[in-house]
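We use all heavy atoms of the structure for the numbers below, so side chains are in, but hydrogens, waters and symmetry mates are not. Quick note on labels: first sequence line is chain A, next is B, and so on, each numbered from 1.
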Amino acid sequence: DTGVSQDPRHKITKRGQNVTFRCDPISEHNRLYWYRQTLGQGPEFLTYFQNEAQLEKSRLLSDRFSAERPKGSFSTLEIQRTEQGDSAMYLCASSLGLDEQYFGPGTRLTVT
Amino acid sequence: AQSVTQPDIHITVSEGASLELRCNYSYGATPYLFWYVQSPGQGLQLLLKYFSGDTLVQGIKGFEAEFKRSQSSFNLRKPSVHWSDAAEYFCAVGANSGYSTLTFGKGTMLLVSP
């Protein structure tokens with residue numbers, strides 16, 4: 001069990017560019033979650049997958065945000081036309097059913 | 001809608017002293033409750049969880065928390081703090097059915113003085 005991994009750990013991009021982050025959950029976990037954490041705040045839920053199905057996406061911050069989990073394993077989170085307000089830590093978590101969520105180390109995005 | 005309040009943004013405790021971090025939640029049914037710790041550059045690590053049963057929950061690193069339904073609270077305690085406990089602590093509430101997204105508080109930063 002290598003835990004939840006995220007790549008890259010840091011991303012610096014210019015405003016208007018697209019970015020994509022990857023999350024690899026714990027192998028037997030069927031649920032995968034994306035959260036965003038800004039400075040001084042707790043993580044904020046964005047979206048959730050059970051296997052390959054995206055069951056909740058109404059909390060994605062805008063239509064510039066999208067997520068996929070094509071084969072029910074790893075997931076990607078894409079932000080199109082980045083804005084400075086998108087600068088944050090993006091966290092991925094996985095769980096087996098309703099059991100506790102295990103978090104990855106996060107991807108820190110800086111939009112200049 | 002569920003919510004979590006952590007009223008203390010920062011707390012400073014002397015090494016060896018006891019610790020209590022406060023957490024109040026709002027949720028319409030029986031909640032799932034969690035405490036996570038986040039050290040700089042690290043991901044969130046689960047300290048303990050409450051799903052049901054005994055309202056006093058033991059966790060890792062010598063932490064415990066008590067669920068008090070009448071006060072809508074889930075305070076985190078430790079009898080003797082170590083310098084390595086300095087970190088940010090987050091309380092979270094989750095649904096006990098369906099999918100379990102977590103709603104987090106804003107966190108409490110624990111500083112440990114020598």
Would you say that more than 12 heavy atoms from the other residues, nucleotides or ligands in this model lie under 6.0 Å from the CZ of B:Arg77, or not? yes
Atom CD1 of A:Ile12: over 12 foreign heavy atoms under 6.0 Å: no
At a 4.5 Å cut-off on heavy atoms, which part of A:Arg108 comes close to chain B: side chain, backbone, both, or neither? neither
Please classify the contact between A:Gln37 and chain B as side chain, backbone, both or neither, with a heavy-atom cut-off of under 4.5 Å. side chain
Transitively linked via ILVMFWY side-chain contacts under 4.5 Å: [X] with [Y]?
{"X": "B:Val112", "Y": "B:Leu76", "answer": "yes"}
{"X": "A:Met89", "Y": "A:Val19", "answer": "no"}
{"X": "B:Val57", "Y": "B:Leu19", "answer": "yes"}
{"X": "A:Phe65", "Y": "A:Tyr48", "answer": "no"}
{"X": "A:Leu32", "Y": "A:Leu61", "answer": "yes"}

Would a line drawn from the ring center of A:Phe103 to the ring center of B:Tyr36 be shorter than 6.0 Å? yes
Under 3.5 Å donor-acceptor, A:Tyr35 side chain and B:Leu102 backbone: yes
B:Leu44, part contacting chain A, at a heavy-atom distance under 4.5 Å: both
Just how far is it from atom CG of B:Leu48 to atom CD of A:Glu100, taken to the nearest 0.5 Å? 10.5 Å
Mind checking the CG-CD spacing from A:Leu91 to B:Gln38? Nearest 0.5 Å is all I need. 6.5 Å
Heavy-atom pair count under 4.5 Å with chain B, highest-scoring of A:Gly104, A:Ser95, A:Gly106, A:Gly42: A:Gly42
One option among A:Pro105, A:Ala93, A:Pro43 has the most heavy-atom pairs under 4.5 Å with chain B, and it is A:Pro43
Counting C-beta onward and ignoring hydrogens, is there a side-chain heavy-atom pair between A:Phe45 and B:Phe104 closer than 4.5 Å? no
